[in-house]
Student: 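Please find one structure pasted underneath; my questions will follow.
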4 protein chains.
Amino acid sequence: MPAKKQLGPRAQRKAERPGEILDAAFELFVEHGYLATRVEDIAERLGVTKGTVYFYFDTKELLFEETLRHACVPFTDVQAEVEKLEGPYADRIRAFVRVVYSRICADRKSRELLRLAIAEGARFPHVVDRQFDEQILPMFNAARDLFQAGVDAGELHCPALLQFPQLAISATMQMIVWDLLFFDRKPIDAEAFIEAHLDLLLHGALKHARTPEPAEGSSVS
Amino acid sequence: MPAKKQLGPRAQRKAERPGEILDAAFELFVEHGYLATRVEDIAERLGVTKGTVYFYFDTKELLFEETLRHACVPFTDVQAEVEKLEGPYADRIRAFVRVVYSRICADRKSRELLRLAIAEGARFPHVVDRQFDEQILPMFNAARDLFQAGVDAGELHCPALLQFPQLAISATMQMIVWDLLFFDRKPIDAEAFIEAHLDLLLHGALKHARTPEPAEGSSVS
Amino acid sequence: MPAKKQLGPRAQRKAERPGEILDAAFELFVEHGYLATRVEDIAERLGVTKGTVYFYFDTKELLFEETLRHACVPFTDVQAEVEKLEGPYADRIRAFVRVVYSRICADRKSRELLRLAIAEGARFPHVVDRQFDEQILPMFNAARDLFQAGVDAGELHCPALLQFPQLAISATMQMIVWDLLFFDRKPIDAEAFIEAHLDLLLHGALKHARTPEPAEGSSVS
Amino acid sequence: MPAKKQLGPRAQRKAERPGEILDAAFELFVEHGYLATRVEDIAERLGVTKGTVYFYFDTKELLFEETLRHACVPFTDVQAEVEKLEGPYADRIRAFVRVVYSRICADRKSRELLRLAIAEGARFPHVVDRQFDEQILPMFNAARDLFQAGVDAGELHCPALLQFPQLAISATMQMIVWDLLFFDRKPIDAEAFIEAHLDLLLHGALKHARTPEPAEGSSVS
DNA sequence: GATGAATGAGTCTTCATTCAT
DNA sequence: GATGAATGAAGACTCATTCAT
């Protein structure tokens, strides 16, 4: 960690501006959508004028694309975390789903990003596709590997999940759609929702089902 | 139904116009969003001019709200269908989920409606809320009643579904989000997806689990 | 000449608008140039608003091109007039030059058009070239034919004019350049200027020089 | 001339900067016109930034005026050359026209300057007028003196040229207009054009017409 | 009922100009 | 001297809305 080059206040400002603009743009694009957000509004939120925004980004469209890029939280570590999981596969799956939930659904920025992708994605398909290839697909593949390992270990029986690993996080998506539609007018207890989903998910995915019958944190001797 | 023909061709035309306009508006609002759709485009699709649209709808905003209202397929019969279900509860749940799927996900109009609700809902919350109260909530309540009946009959054990009946259709939602994001650039076999979801859902929802182990159409002796 | 279809005042207005706009645009483009003329100024001169101008012309650039096209006085009749000339070729040449002068130089609109072509032509080369092919070149060819006929008739000896027929109207061009540069700050007697040019031109173009015969105020003994 | 080197490299730079800026500005103003040329483009061509240009010139408008002034090639020596001419007046006129041609028409900078004066002169009339008074008028007066001397010597008969000495260079002007309009899309052999002009000019300007004596490729049996 | 010419507020974008560093 | 981030006035263009015909 060598100290950052000692920047003058001017240079420092310049280095920080683009990020500041993208943050402000993200908020407003998320809140009002692409078309309904004025470049001037974005500038205003920073206390600068439109000219400044255009100094850093040539067009509103480019600004939007950069905004999406900037808002992406790298999911690469999700993969890493999945691979580090240990213990019974039921617990690994719980851990996986909770990680995804905390990344996509609980993290305001990611949630809003998805909102934006759904609302404006038709206008910028290449941005959505890039995001898919770099973030979503690897995550699903990591999930599939996890499920396969569970099957191989004799702990899981889940052809459905091997075919569609994304089903493991369907509740997360549903949670977000709910949020997109009703915002905070029809609140849901998100934690409880995810746990309920896990309950349903696991007792279908486990090969050795709940014969003696416990639930929530189920374990087999 | 022959009553319709009582009207002269002129009067008939007049009676049909609003519906025609709303259909055309729906297509365009869905395709481009609220702001990017011009009133003139809507008129053009019908072969009339702006003035005609404004004759029937005072403002673009009102036209949009009417469009959403008009596009709503009444779900009341979903309730009715659920109540008519008979046989093992596993099958009833399958039937319920398939009905919802065919109504919301397979029906293009409903799917697009959801797209529109997500993309523009923030601009028209009251329209979304009305739709929720009149369509979504009753459907969920019907689902909850179904699950409760299954529990009472000793066939189901699913506190999760009683708490969040919408989990039964999480895959349907996920399917739509997928479609909204990737349109037809990353196609999925929707039927297989729903069946996979049902497989997971049921084997977690059934009180008498798969002890001896069958899957897919599982049955106990 | 069947009477023009009886147009309502509305339709009549619509039919006249484009021409009115082009006239106003011509004045302003000529006066201030392409870039310095605002679309709103053009509208204002007509007592309408910019929206009206854009109703008839999609962009400022198209409006400019149409303006040039609209301002073009067809030169085709110059050709016709040249072909009808009779009498000694000296007189025919005088007549030709005077016609060109009256068309290009004395006619305010044509003069301004040339001004515009010089000032903004680099921005719209295709417009200039079209004008050249359709107007200028035929006129020069007609001139060359006239000179050739004079040579054949034994009245002219002018290889220079056969090679460069445009030399016959060089003074007209010079007059316009003068006007472009100094407008009315350094006025010139245009009629006298053209006559002086003709004096020089002819006594070089005539095969039988001025030995016996004097012309235009020049005399020998 | 060695005095220049007394300055340090820094000071020298400073002394040269204004001229460099004006040269760069000239190129760009000529190519794109006043309004379409950005101050930043001018700076960029020099490898400096806007601020530097503004250090030397307070406004774009002043920069433009200085650019015109700086681009003016002093015509004073044209006068001097004219006065040094000897021999038959026909030859003196040829020499005069050729000098003017080489100065105004063949010299790229002067030609472009005229283009600029025509295109933008209306915006800066005082600059054009100054140029006229200091450069054009003296040149024309020198020409008139030459023609008068020829008349006095009994070699010329040209009231037209005495009244409008500029007619002697009308072809030069026409050549430039041609270039302004068609650039290099309709090329002309400039040398041949000027010679043709001289042929016409002289055989009208010469008191003793071409009866006995032929010139420039013209011959009578 | 339908038309479509006209309006004008609103938005993106450019660029001459300033000034702290 | 030079830099270049920031300003803000200005201009092209759009489109919801009106209303005379």
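We name chains A, B, ... by the order of the sequence lines, and we start the count at 1 in each one. Quick note: numbers below take in every heavy atom, side chains included, and nothing from hydrogens, waters or symmetry partners. Everything numeric here is computed off the predicted structure, so don't read it as measured data.
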Student: With the side chain counted from C-beta on, respond yes when E65(A) and H126(A) share a heavy-atom pair under 4.5 Å apart, and no when they do not.
Tutor: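 Yes. Closest side-chain heavy atoms under 4.5 Å.
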Student: Mind checking side-chain contact (heavy atoms from CB on, under 4.5 Å) for T49(A) and listing every partner two or more places apart, or none if nothing turns up?
Tutor: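 So T49(A) forms a side-chain contact (heavy atoms from CB on, under 4.5 Å) with T52(A).
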Student: Want to know the stems of DNA chain F: at least 3 consecutive Watson-Crick or G-U pairs with distances under 3.5 Å, which are they?
Tutor: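 Stems for DNA chain F, defined as runs of 3 or more consecutive pairs: E:2-21 with F:2-21.
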Student: Can you tell me how far P of dC13(F) sits from OH of Y56(C), to the nearest Å?
Tutor: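 Spelled out: OH on Y56(C) to P on dC13(F) is 18 Å.
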Student: Considering residues at least two apart in sequence or located in another chain, which fulfil the side-chain contact (heavy atoms from CB on, under 4.5 Å) criterion with E66(B)?
Tutor: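 For E66(B) the side-chain contact (heavy atoms from CB on, under 4.5 Å) partners, ignoring immediate neighbours, are L22(B), F57(B), R69(B).
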Student: Counting only side-chain heavy atoms from C-beta out, which of dT7(E), dA2(F), dG4(F) sits nearest to F55(A)?
Tutor: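 The answer is dG4(F), which lies nearest to the side chain.
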Student: Please check the phosphate of dT3(E) (OP1 and OP2 only) for any side-chain N or O of Y54(B) closer than 4.0 Å.
Tutor: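 No, because none of the side-chain N or O atoms of Y54(B) sits under 4.0 Å from OP1 or OP2 of dT3(E).
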Student: Taking only residues two or more places apart in sequence or in another chain, which ones pass salt bridge (Lys or Arg N to Asp or Glu O under 4.0 Å) with R45(D)?
Tutor: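 So R45(D) forms no salt bridge (Lys or Arg N to Asp or Glu O under 4.0 Å) with any residue.
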Student: Return the value, rounded to whole Å, for the distance between atom CD of E61(A) and atom C1' of dT13(E).
Tutor: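 The distance from CD of E61(A) to C1' of dT13(E) comes to 14 Å, rounded to the nearest Å.
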Student: Any residue in residues 30-49 of chain B with a heavy atom nearer than 4.0 angstrom to DNA chain F? Just list them by number, or reply none.
Tutor: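 Per residue number, the list reads T37(B), R38(B), V39(B).
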Student: With R17(A), which residues qualify under salt bridge (Lys or Arg N to Asp or Glu O under 4.0 Å), at least two apart?
Tutor: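 Applying salt bridge (Lys or Arg N to Asp or Glu O under 4.0 Å) to R17(A) gives E20(A).
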Student: Among residues at least two apart in sequence or on other chains, which ones pass side-chain contact (heavy atoms from CB on, under 4.5 Å) with R185(B)?
Tutor: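 Scan of R185(B) (side-chain contact (heavy atoms from CB on, under 4.5 Å), adjacent residues dropped) gives P125(A), V128(A), D129(A), F182(B), F183(B).
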Student: So, OP1 or OP2 of dA16(F): does either fall under 4.0 Å of a side-chain N or O from K60(B)?
Tutor: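 The answer is yes; a side-chain N or O of K60(B) sits under 4.0 Å from OP1 or OP2.
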Student: dA16(E) C1' sits how many Å from L62(D) CG, rounded?
Tutor: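 It works out to 13 Å between those atoms.
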Student: With sequence neighbours excluded, tell me which residues meet salt bridge (Lys or Arg N to Asp or Glu O under 4.0 Å) with K50(C).
Tutor: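 Applying salt bridge (Lys or Arg N to Asp or Glu O under 4.0 Å) to K50(C) gives none.
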Student: Of the candidate nucleotides dA6(F), dT17(F), dA9(F), which contains the atom at the shortest distance from the side chain of K50(A)?
Tutor: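 Of the candidates, dA9(F) comes closest.
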Student: So, using side-chain contact (heavy atoms from CB on, under 4.5 Å) as the criterion, who are the partners of A119(D) when residues are at least two apart?
Tutor: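 With neighbours one apart ignored, the set is A119(C).
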Student: Starting at atom CG of L63(C), determine the distance to atom P of dC13(F), rounded to an integer number of angstrom.
Tutor: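 So the CG-P distance, L63(C) to dC13(F), works out to 10 Å.
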Student: Indicate whether OP1 or OP2 belonging to dC12(E) is found under 4.0 Å from a side-chain N or O atom of T59(A).
Tutor: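 Indeed not, no polar side-chain atom of T59(A) lies that close.
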Student: If you assign R17(A) and G51(B) each to the DNA chain F nucleotide with the nearest heavy atom, which residue ends up on the more 5' nucleotide?
Tutor: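 Here R17(A) is the residue nearer the 5' end.
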Student: Please verify the inter-ring angle class for F64(B) with F124(B); under 30° counts as parallel, over 60° as perpendicular, anything in between as tilted.
Tutor: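 Aromatic pair F64(B)/F124(B) classed tilted.
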